[in-house]
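The block underneath contains the structure these notes are about, expressed in structure tokens.
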Amino acid sequence: MRYPRIIDDGSVWIVIVPPLIWALHFLAAYWIAAVWCAREAGSLTPAAWSIIVLTILALVAISLIGRVAAVRYGGFTRPGRESAGDTQADRRQFLGHVALLLCVLNAAAVMMTAIPSVMFGRC
Amino acid sequence: MRMPKHIWLALVGGLAGCDGRHSWLAGAGAEARLIEDLFWPFLIGAVAIWTAVMVFAVIAFRRRPKGSDERIGRAIILWGGGVLPAVVVAALLITGLLTLRAMASRPSALTVHVDAEQWWWRVIYETPDGKVFSANEIRLPLGKTTLLMLTSDDVIHSFWAPALGGKLDMIPGRTNRMTLTPVRTGRWGGLCAEFCGAAHAQMRFEVVVMEPDAFRDWLVAESEPAAPSALRMERGLSLFLDEGCAACHTVRGTQANGRVGPDLTHLAARGRIGAGLLALSDANLRRWITHTTDVKPGVRMPSYPAMPPDDLDQITQFLMALE
Ligand SMILES: [Cu+2]
């Protein structure tokens with residue numbers, strides 16, 4: 001038998017993944033800056049570049065999840081449609097919608113985490 | 001509706017604080033002006049957003065529902081509740097960081113170490129000829145950028161001279177850096193801005209901004225040992241040594257070299273005693289020595305309530321001669 005993937009159809013885990021990516025990105029950025037500055041205390045450039053690379057990776061990951069979510073929701077905007085029923089299809093749509101919104105939110109959050117490292121040249 | 005009287009009084013009192021020695025609207029420092037430049041747009045923006053939200057809320061409650069409301073409502077939620085706040089928050093973050101960057105990037109002409117203790121400030125000036133020790137009063141040259149190296153010996157304190165610049169925590173085992181660039185001469189107030197124990201509220205200091213020439217002369221004088229006229233007061237000096245004051249206080253040029261309390265070598269050149277608590281005067285010094293814990297509850301200096309009046313006279317005269 002095949003084990004279900006974490007973001008498989010019908011799994012609620014898809015809504016956890018975007019915040020998880022944000023949290024990991026946040027932690028990694030924090031650690032990189034803290035460790036780098038404790039050792040070097042000078043130029044921030046190398047640390048900033050690694051944070052930028054991590055940020056791009058995180059944004060790519062979030063947009064991939066976002067695409068999956070959009071497919072399940074059935075598009076990016078569907079004004080007026082509610083998913084309030086209790087069928088499998090409604091559930092799928094609802095989770096897709098929630099995950100899509102979370103992707104937008106977490107993409108913004110990831111970018112905000114990265115902004116300081118781009119703006120400061122020194123520790 | 002009429003506003004109760006005490007609210008008016010509180011408002012007036014709050015505004016009165018605005019032109020004082022502790023006001024960050026005094027424009028006494030380049031860093032304080034940067035913060036002020038950030039404050040007004042923030043304030044105006046916040047008022048505008050708050051007003052807009054209130055207007056929308058009133059309209060929404062008063063209107064009769066119509067068919068087209070659904071679409072408009074969704075648009076308002078998307079743009080007003082999602083996109084706009086995201087843009088505003090990002091803009092706030094970026095302008096805040098820009099201010100921080102501008103404050104952090106000034107090259108400095110002078111380095112001063114400020115070491116917070118419960119409940120006073122050790123101040124050490126770095127000069128080409130060595131370190132100059134002082135306490136509770138920080139003198140700065142006008143128009144020059146001074147780098148402050150902030151640390152603490154015991155618990156977390158926070159350094160804040162609102163008229164001149166930002167506020168920064170002083171953390172044991174760490175050295176935080178802050179610059180001050182005064183643009184107005186005068187005496188400005190400072191305080192500890194992080195609760196640090198019993199006498200936290202009485203942990204204050206003075207910042208004296210001087211013309212660069214006067215500052216240079218003062219720094220030379222401050223680096224000298226105690227005034228010869230004080231050292232000639234044998235009775236006062238020997239009482240100072242015998243009563244145990246010397247175990248905690250340094251007076252350069254004498255055997256007194258304690259480091260528990262503030263350096264008193266040039267006490268009488270300072271404006272205040274007890275970490276900004278009382279004006280320097282004969283009467284206040286007597287009160288400080290005989291009623292230390294009444295004046296400053298929790299203070300780490302013993303009171304000398306039973307000191308004979310004649311001894312007290314001598315010690316006070318000696319201290320007042322430490323110019
Ligand atoms: Cu304190």
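Throughout, a chain's letter reflects where its sequence line sits, starting with A, and its residues are numbered from 1.
Minimum interatomic distance between A/M119 and B/I94 (heavy atoms only, all atoms of both residues): CE-O, 3.8 Å.
No more than 12 heavy atoms of other residues, nucleotides or ligands shown are found within 6.0 angstrom of CZ on B/F56. In this structure, A/Y30 places its OH atom where only 12 or fewer heavy-atom neighbours from other residues, nucleotides or ligands lie under 6.0 Å away.
Contacts between B/L78 and chain A at a heavy-atom distance below 4.5 Å are absent for every atom of the residue.
Within residues 81-88 of chain B, the residues having any heavy atom under 4.5 Å from a heavy atom of chain A are, by residue number, B/A86.
Expressed to the nearest 0.5 Å, how far CG of B/L93 lies from CD1 of A/I115 amounts to 5.0 Å.
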